[in-house]
**Q** 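What follows is a single structure, and I will ask about it in a moment.
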Amino acid sequence: MGETEEVELQVTIGNADKAANPKITEETNGSGLPQNQRYSRWIRVFLYALLLLTGQSVAMLLGRLYFEKGGDSKWLSALSQVVGFPILIPYYFIAKPKDPPNPDDILPKPPSTLTLLAVYVTIGLITSAICFLYSIGTQYLPVSTYSLLCPSQLAFNCFFSYFLNSQKFTPPIINSLLLLTISSVLLAFNKESANPTNVSKAKYAVGFICTIIASAGYGLMLSVTQFCFNKIIKRTSFNVVMDMVIYPQTVAVSVAVIGLFASGEWNNLIGEMGEYQLGKVAYVMNIVWTVISWQISSIGCVGLIFEVSSLFSNAVSVLGTPIVPILAVFFLNEKMDGVKGVSMVLAVWGFISYAYQQYMDDREERAQKSLLNEVSQRID
């Protein structure tokens with residue numbers, strides 16, 4: 001049979017299938033999923049992204065406000081980032097599974113309790129270190145500089161994923177890495193002519209280095225998490241994703257509490273509250289809303305990991321890059337100079353390049369699923 005005849009035969013078979021089952025064309029639209037399911041999925045993705053961006057932006061501003069108005073406890077700041085995890089527990093009973101389990105599926109053997117414990121403790125220790133380092137960055141850097149350094153976590157995520165998860169370095173990914181690197185380097189040479197933190201150059205350098213290390217740790221944590229899903233747990237359900245968030249955060253809370261008492265910072269909290277420039281009530285409300293904001297961000301992050309992937313969740317987090325510096329101009333009286341502006345543009349450009357690669361990967365995956373569904377329907 002010639003090539004032309006084979007193509008005509010395929011077209012004839014496809015038309016016959018559509019005529020026999022028009023719902024394939026009308027409801028799935030070639031994606032392998034009913035249109036209403038696809039629309040509801042993207043609505044959920046949008047809502048999760050909104051929660052992530054809103055919670056993250058508010059938490060960053062409140063974290064900076066805490067230090068600016070008299071707060072001085074790095075461990076309390078670190079603790080506020082993870083101590084609200086019980087808010088996520090009811091989420092087990094609210095959210096529905098993305099894909100209902102198929103009784104015919106052969107599930108992989110779950111890892112042992114000891115293995116899971118090692119995974120949770122490892123990720124929890126990394127998380128606690130990240131929170132503490134980010135707290136130092138929040139204390140010593142203007143929130144605009146701090147938030148513009150955080151997108152470097154995408155570059156580190158790609159780097160670690162290359163070794164742990166066989167991440168492919170496509171042209172958009174390479175372009176994203178270069179842009180994010182240049183964006184961070186520009187801030188390293190920024191003179192901070194209007195530095196609202198009034199810290200010494202040494203402390204500014206410490207804050208800069210700690211934020212970069214924390215971003216590297218965050219990228220490592222995401223890569224390790226993906227590695228654990230693929231190689232150790234070998235399945236991704238909603239409960240598994242929630243376990244990977246809540247149990248490591250429990251470990252991180254334990255470490256932060258130990259650090260708070262071992263450092264002696266807990267002795268100063270009462271005095272710190274009394275000397276807080278905005279008052280005791282504002283001090284308590286700052287801590288409470290910082291805790292709530294970080295957990296709102298966590299709900300969005302977990303939702304995006306479950307609906308799409310951890311890499312996509314990270315990319316959406318970086319999308320908040322231009323939001324925080326702009327809000328800082330209005331609420332914290334920070335100035336947006338030329339270097340920060342260029343850095344912001346490069347960071348956003350890097351995110352768009354990274355997100356484009358995610359879009360291409362998602363489209364390729366949907367095309368493959370659509371082809372498999374079409375072949376399956378023809379066989380049936």
Side-chain angles (χ1 to χ4, degrees), residues 55-56 59-89 117-141 143 146 149-150 153 156 197 199-200 202-222 224-225 244-276 280 283-295 297-298 301:
Q56 175 182 271
M60 284 185 177
L61 289 175
L62 290 176
R64 179 61 218 152
L65 185 67
Y66 164 77
F67 287 112
E68 191 173 279
K69 298 302 179 181
D72 193 48
S73 176
K74 303 178 186 65
W75 281 111
L76 179 62
S77 177
L79 183 62
S80 67
Q81 298 177 42
V82 290
V83 73
F85 73 88
I87 298 175
L88 299 178
I89 295 178
L117 181 63
V119 168
Y120 296 147
V121 170
T122 300
I123 296 178
L125 292 175
I126 296 175
T127 301
S128 61
I130 292 170
C131 292
F132 182 73
L133 291 172
Y134 271 143
S135 297
I136 297 176
T138 304
Q139 183 177 18
Y140 293 151
L141 296 178
V143 69
Y146 168 83
L149 286 175
C150 290
Q153 66 195 33
F156 289 113
T197 59
V199 300
S200 64
K203 288 184 177 179
Y204 179 87
V206 170
F208 188 94
I209 294 172
C210 286
T211 304
I212 291 294
I213 295 176
S215 297
Y218 189 80
L220 173 63
M221 183 188 68
L222 287 180
V224 169
T225 300
M244 189 63 79
V245 174
I246 290 178
Y247 292 134
Q249 285 200 8
T250 304
V251 175
V253 167
S254 303
V255 173
V257 170
I258 293 173
L260 182 65
F261 282 90
S263 65
E265 290 183 356
W266 70 278
N267 291 317
N268 304 323
L269 294 183
I270 300 299
E272 183 179 282
M273 182 189 304
E275 298 174 0
Y276 197 65
K280 294 182 179 179
Y283 179 89
V284 174
M285 294 305 295
N286 183 297
I287 300 299
V288 170
W289 283 107
T290 299
V291 170
I292 294 175
S293 297
W294 278 122
Q295 293 310 311
S297 174
S298 295
C301 179

**Q** Just verifying a value: how many Å separate Ile292 CD1 and Ile287 CD1, rounded to the nearest 0.5 Å?
**A** 12.0 Å
**Q** Any side-chain heavy atom of Ser263 within less than 4.5 Å of one from Lys74?
**A** no
**Q** Tell me, please, which residues at least two apart from Val224 pass side-chain contact (heavy atoms from CB on, under 4.5 Å).
**A** Ile123, Leu164, Leu220, Cys228
**Q** How far apart are the closest heavy atoms of Trp294 and Ala59, and which atoms are they?
**A** CE2-CB, 3.4 Å
**Q** Let me confirm one number: the OG-CG distance from Ser73 to Asn267, rounded to the nearest 0.5 Å.
**A** 11.0 Å
**Q** Test Tyr134 against Tyr146 for side chain to side chain contact (heavy atoms under 4.5 Å, CB included), laying out the working first.
**A** CA-CA 9 Å; Tyr134 271 143; Tyr146 168 83; 3.3 Å; yes
**Q** Compare every heavy atom of Arg64 with every heavy atom of Tyr140, then report the nearest pair and how far apart it is.
**A** N-NH1, 4.3 Å
**Q** When rounded to the nearest 0.5 angstrom, what is the spacing between CD in Glu272 and CD in Glu265?
**A** 8.5 Å
**Q** Could you tell me whether the side chain of Val284 reaches within less than 4.5 Å of the side chain of Met273, counting heavy atoms only?
**A** yes
**Q** Work out which heavy atom in Cys210 is nearest to a heavy atom in Ile136; give both atom names and the distance.
**A** SG-CG2, 3.8 Å
**Q** Go through the steps to decide whether Asp72 and Asn268 satisfy the test side chain to side chain contact (heavy atoms under 4.5 Å, CB included), and finish with yes or no.
**A** CA-CA 9 Å; Asp72 193 48; Asn268 304 323; over 6 Å; no
**Q** Do Tyr276 and Asn286 have side chains that approach each other closer than 4.5 Å (heavy atoms only, starting at C-beta)?
**A** yes
**Q** Report the distance from atom CG of Leu269 to atom CG of Leu76, rounding to the nearest 0.5 Å.
**A** 5.5 Å
**Q** Is the number of heavy atoms from other residues, nucleotides or ligands within 6.0 Å of OH (Tyr247) greater than 12?
**A** no
**Q** Could you measure the distance from the OH atom of Tyr66 to the OG atom of Ser80? Nearest 0.5 Å is fine.
**A** 8.5 Å
**Q** Taking all non-hydrogen atoms of both residues, which atom of Ser293 and which atom of Leu62 are closest, and how far apart?
**A** OG-CD1, 4.2 Å
**Q** For Phe156 and Ile212: C-alpha separation, side-chain torsions, deciding distance, then whether side chain to side chain contact (heavy atoms under 4.5 Å, CB included) applies.
**A** CA-CA 10 Å; Phe156 289 113; Ile212 291 294; 4.1 Å; yes
**Q** Side chain to side chain contact (heavy atoms under 4.5 Å, CB included) between Gln81 and Ser135: does it pass, once the steps are laid out?
**A** CA-CA 9 Å; Gln81 298 177 42; Ser135 297; 3.4 Å; yes
**Q** Look up atom OH in Tyr218 and atom SG in Cys131, then write down how far apart they are to the nearest 0.5 Å.
**A** 10.0 Å
**Q** What residues, two or more places apart in sequence or in another chain, satisfy side-chain contact (heavy atoms from CB on, under 4.5 Å) together with Ile246?
**A** Phe85, Leu88, Ile89, Tyr92, Met242, Thr250
**Q** Kindly give the heavy-atom pair with the smallest separation between Val251 and Tyr120, and that separation in Å.
**A** CG2-O, 4.0 Å
**Q** Any side-chain heavy atom of Met60 sitting closer than 4.5 Å to one from Cys150?
**A** yes
**Q** What are the two closest heavy atoms between Gly55 and Ser297, and how far apart are they?
**A** C-CB, 3.9 Å
